[in-house]
There are 4 protein chains.
Amino acid sequence: MVSDISRTPTPAGRPRDPALERAILAATVEVVIESGFAAARLEEIARRAHTGKAAIYRRWRSKTELVIAAAESLLAEVVVPDEGSLRQDLLACARHYVSPNTRTALMLATVLAEATHTDELRATALESIGRPPTEALRTVIQRWALRGAVRSSAPVELIVSLIPAIAFHRVLLHHEGLNETIVVSMVDDVLMPALNPGHQ
Amino acid sequence: MVSDISRTPTPAGRPRDPALERAILAATVEVVIESGFAAARLEEIARRAHTGKAAIYRRWRSKTELVIAAAESLLAEVVVPDEGSLRQDLLACARHYVSPNTRTALMLATVLAEATHTDELRATALESIGRPPTEALRTVIQRWALRGAVRSSAPVELIVSLIPAIAFHRVLLHHEGLNETIVVSMVDDVLMPALNPGHQ
Amino acid sequence: MVSDISRTPTPAGRPRDPALERAILAATVEVVIESGFAAARLEEIARRAHTGKAAIYRRWRSKTELVIAAAESLLAEVVVPDEGSLRQDLLACARHYVSPNTRTALMLATVLAEATHTDELRATALESIGRPPTEALRTVIQRWALRGAVRSSAPVELIVSLIPAIAFHRVLLHHEGLNETIVVSMVDDVLMPALNPGHQ
Amino acid sequence: MVSDISRTPTPAGRPRDPALERAILAATVEVVIESGFAAARLEEIARRAHTGKAAIYRRWRSKTELVIAAAESLLAEVVVPDEGSLRQDLLACARHYVSPNTRTALMLATVLAEATHTDELRATALESIGRPPTEALRTVIQRWALRGAVRSSAPVELIVSLIPAIAFHRVLLHHEGLNETIVVSMVDDVLMPALNPGHQ
DNA sequence: CCTTAATCGAGACGGTACGTCAGGTCTTGTG
DNA sequence: CACAAGACCTGACGTACCGTCTCGATTAAGG
């Protein structure tokens with residue numbers, strides 16, 4: 001008798017098209033960035049993904065969940081940098097918010113705003129969108145604290161939230177993501193002094 | 001003959017009920033905070049204000065404009081503090097964002113998020129909601145810079161945006177406004193070191 | 001104090017447009033005759049009535065009820081004839097089924113077929129569409145029975161149903177309503193012999 | 001060499017399951033009678049036949065054609081009776097419409113109603129469902145006309161359509177097929193007097 | 001025995017209509 | 001004129017179903 005290693009014995013019926021999933025998410029990002037959450041039309045998303053509404057609702061339960069999933073799909077893999085100095089590591093983390101084309105930040109801000117009033121979705125959005133890059137910052141700071149580069153009384157949690165806060169703030173109010181100038185200024189003029197005032 | 005200098009000579013017909021205006025704005029704040037922008041229903045707002053949709057549209061041209069007006073109605077008068085020290089003035093400005101009950105911040109965040117995709121409204125919202133408290137901070141810092149309490153190379157614009165950024169960030173992600181602890185920590189651990197690293 | 005005779009004290013709000021009701025019913029008749037029940041589209045009906053679906057659903061709870069109402073609107077007032085002879089009265093009754101333009105009969109047949117499987121609607125349709133003209137025939141025959149022109153053993157109920165049966169049969173199978181030739185033949189060759197075989 | 005006269009030389013691949021065809025038709029009859037044409041769901045039919053939609057569409061091109069095929073499958077073989085008297089033959093023909101359980105008549109009426117608005121299908125349905133039993137009646141009457149039992153001026157076509165007309169009428173309006181009492185009354189009180197008024 | 005080709009059940013697919021609902025406008029009667 | 005009520009049109013929502021397509025598995029027939 002052969003060893004049966006199949007855990008999931010192939011579900012019956014035609015399998016879902018994985019390319020379709022990607023096409024829908026890509027179309028969602030496009031349309032939401034163009035129009036915002038409320039004005040984004042599912043028919044338009046479906047049209048651009050060359051599919052129908054049914055295929056969308058087979059995968060996500062509502063427009064809101066679809067948009068959150070689309071935002072998640074934009075998130076780059078977060079890596080904890082280790083570049084030799086606290087400053088270099090902070091710069092690396094902050095550059096995560098320098099969106100390739102502002103699109104990502106705008107999308108994320110839209111999602112966060114929409115999710116604000118649906119607790120369940122807000123938790124999801126927070127977990128998948130908000131947490132990871134914050135976690136990298138926190139890890140970096142704690143690592144350098146052990147190495148003595150951070151004063152012990154520094155309010156790490158508050159400092160960790162400064163970068164994402166500035167990023168979302170700029171996107172919501174000015175439709176601009178962070179740029180290299182701001183990143184450097186944030187690190188050199190705000191984060192470093194806050195973490196270790198002595199070494200300005 | 002009495003002197004009648006009024007340029008707009010009392011329009012004919014029944015005058016508008018001024019109490020109704022306030023009732024509508026109050027109902028709008030309630031409903032938007034409960035449900036968010038998209039899920040807020042004009043019928044529900046009208047119902048709670050004991051009026052009809054027509055009375056609303058006689059005053060504002062769209063749901064979006066109504067909501068922005070409701071947000072503006074929440075804003076406290078911004079005063080530029082002058083309390084004797086840079087630190088005291090910064091604390092006073094930051095306390096503007098300690099919402100009486102978080103409601104204000106949540107309302108403002110909702111409006112900003114909604115306005116994100118309507119350029120005209122975004123400008124209005126930015127001007128009436130975002131600018132004034134920022135202006136107070138900017139004024140305070142510039143005043144103390146003249147008095148030598150701020151290093152000349154400090155990135156004032158960036159620092160000025162830190163407080164509102166943190167405030168909106170907390171509201172969007174955690175549904176919490178600033179509190180006294182955070183305000184103090186922001187001023188003492190972030191703003192003061194950034195403005196004048198030598199005197200922590 | 002004035003006498004208050006108003007039973008229904010004018011409902012609040014804008015009253016429904018009675019012309020719209022007629023326009024919707026007329027459009028429904030048109031579309032159903034062209035396309036049949038299943039292929040009739042509410043959007044198309046709304047378009048031809050220069051209105052929207054909401055105005056339709058405000059008046060009727062479903063497509064089926066709308067179509068039945070449209071069929072009822074086609075029914076001519078049924079009058080019981082009294083023309084001096086049994087034969088003349090039968091002819092007059094039968095001519096009720098000579099549809100002005102076949103449209104009526106086709107519409108009625110469509111409705112009956114659709115209503116067949118919804119008991120509640122079938123009862124309604126039967127009552128409003130099927131009963132009245134049958135009742136006229138029954139009245140006529142009973143009146144002439146009292147005058148001795150009908151043999152006592154004639155199966156009145158069966159004979160009464162022959163005319164509508166033939167009418168619906170022709171419409172369903174041949175898309176034709178009754179015509180004068182058939183009406184005369186039915187009366188002279190079928191009904192009269194069945195009612196009173198002696199007098200050919 | 002064996003003589004192979006089969007024009008269709010056994011198609012390659014797995015042959016169709018003949019039992020499945022019957023199961024699908026039976027399920028179709030069930031569901032259509034329960035729900036009517038419009039509300040009959042192909043998924044439900046497939047489920048009751050323990051198969052899938054594909055197996056249905058491999059055999060019939062549309063729901064309408066399937067339902068017509070199901071109706072045809074209900075039709076009893078029509079035989080032209082020859083029982084020794086006009087009356088006996090008419091009774092035999094009429095009894096074709098005494099459905100075993102009303103189901104057949106209801107099914108046929110549903111099909112005819114549905115086919116009403118699809119000319120091609122109406123022709124098919126008319127040919128396969130409506131024609132045969134009518135043909136038997138026509139044959140019987142013509143045979144007895146030659147034997148002198150039918151007056152020459154009798155409107156044979158009209159009389160021939162009376163039985164099916166009554167049958168469909170009763171089914172559409174009352175959900176009842178013909179019964180023995182009605183059959184006898186139709187023959188004795190309507191058909192016989194119409195065909196030969198002298199001999200009631 | 002193994003390839004071939006069509007079947008089978010299951011279910012995803014694109015499309016389209018359903019019936020609902022909300023935004024913003026218009027129309028009543030009343031004050 | 002303002003006001004409350006509610007009908008109006010428009011258009012998106014999320015659901016359901018038709019008819020097609022695709023999957024893995026099954027089932028003869030032919031080499």
Side-chain angles (χ1 to χ4, degrees), chain A residues 9-17 20-21 38-44 46-47 49-63, chain B residues 10-17 20 38-44 46-47 49-64 66, chain C residues 9-17 20 38-44 46-47 49-63, chain D residues 9-17 20 38-44 46-47 49-64 66:
Chain A
T10 306
R14 175 175 173 176
R16 291 190 184 164
D17 183 352
L20 189 52
E21 190 137 343
R41 304 295 160 216
L42 276 181
E43 300 265 19
E44 176 63 14
R47 200 183 60 74
H50 304 290
T51 182
K53 280 193 296 179
I56 297 179
Y57 282 102
R58 213 172 284 122
R59 291 170 167 80
W60 299 278
R61 284 181 307 186
S62 71
K63 181 177 172 179
Chain B
T10 309
R14 175 172 170 179
R16 289 188 187 169
D17 181 352
L20 191 49
R41 304 296 161 217
L42 276 179
E43 301 266 19
E44 176 64 13
R47 198 182 63 73
H50 304 290
T51 182
K53 283 194 294 181
I56 297 179
Y57 282 101
R58 217 171 281 124
R59 292 169 167 82
W60 299 277
R61 282 184 309 185
S62 70
K63 178 179 175 178
T64 306
L66 166 65
Chain C
T10 306
R14 176 175 173 176
R16 290 189 186 166
D17 183 351
L20 189 50
R41 304 294 160 217
L42 276 180
E43 301 264 21
E44 176 65 14
R47 198 184 61 73
H50 304 290
T51 183
K53 283 193 295 180
I56 298 180
Y57 282 102
R58 213 173 284 123
R59 292 169 167 80
W60 300 278
R61 282 182 310 187
S62 70
K63 180 178 173 179
Chain D
T10 308
R14 176 174 172 177
R16 289 187 187 168
D17 182 352
L20 190 51
R41 304 294 160 217
L42 277 178
E43 301 264 18
E44 177 63 13
R47 199 184 61 75
H50 304 291
T51 182
K53 283 194 296 181
I56 297 179
Y57 282 100
R58 217 172 279 125
R59 292 169 167 81
W60 299 277
R61 282 184 309 184
S62 71
K63 178 179 175 179
T64 307
L66 165 65

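A note on names: the letters A, B, ... follow the listed sequences, proteins ahead of strands, and every chain is numbered from 1.
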- Message: Output the pairing pattern of DNA chain E as a dot-bracket string, 5' first, Watson-Crick or G-U wobble with both distances under 3.5 Å, | for cross-strand pairs, [ ] for crossing pairs.
- Response: |||||||||||||||||||||||||||||||
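Residue A:Arg47 contributes atom CZ, which lies 13 Å from atom P of F:dA12 at whole-angstrom precision. Rounded to an integer number of Å, the gap from C:Asp17 CG to F:dC9 P is 8 Å. In this structure, A:Glu44 places its CD atom 13 Å from P of E:dG15, rounding to the nearest Å. Atom CD1 in D:Ile56 sits about 13 Å away from atom C1' in F:dC17, given to the nearest Å.
Remark: D:Arg61 pairs with D:Glu65 by the salt bridge (Lys or Arg N to Asp or Glu O under 4.0 Å) rule, at least two apart or across chains. Contacts of A:Ala38 classified as side-chain contact (heavy atoms from CB on, under 4.5 Å), with partners at least two apart in sequence or in another chain: none. Applying the side-chain contact (heavy atoms from CB on, under 4.5 Å) test to A:Ala54 and every residue at least two apart in sequence or in another chain returns A:Arg58. Taking the salt bridge (Lys or Arg N to Asp or Glu O under 4.0 Å) definition, one finds that A:Lys63 meets it with nothing, sequence neighbours left out. Listed by chain and number, the residues in a salt bridge (Lys or Arg N to Asp or Glu O under 4.0 Å) with D:Arg59 are D:Glu21 (sequence neighbours excluded). With sequence neighbours left out, B:Glu44 forms a salt bridge (Lys or Arg N to Asp or Glu O under 4.0 Å) with B:Arg47, B:Arg48.
Closest approach of A:Ala49 and A:Leu20 over heavy atoms only: O-CD1, 3.9 Å.
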- Using a 4.0 Å heavy-atom cut-off, write out nucleotides 18-24 of chain F from 5' to 3' as B (base contacted by protein), S (sugar-phosphate only) or - (no contact). BBBBBBS
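Mapping A:His50 and D:His50 onto DNA chain E by nearest heavy atom places D:His50 closer to the 5' end of the strand.
Residue contacts for D:Arg59: at a heavy-atom cut-off of 4.0 Å it reaches the sugar-phosphate backbone alone, with no base atom in range. Residue contacts shown for C:Gly52 include a base, since a base heavy atom lies under 4.0 Å away.
With a 4.5 Å cut-off on side-chain heavy atoms, D:Leu42 and D:Leu66 count as touching.
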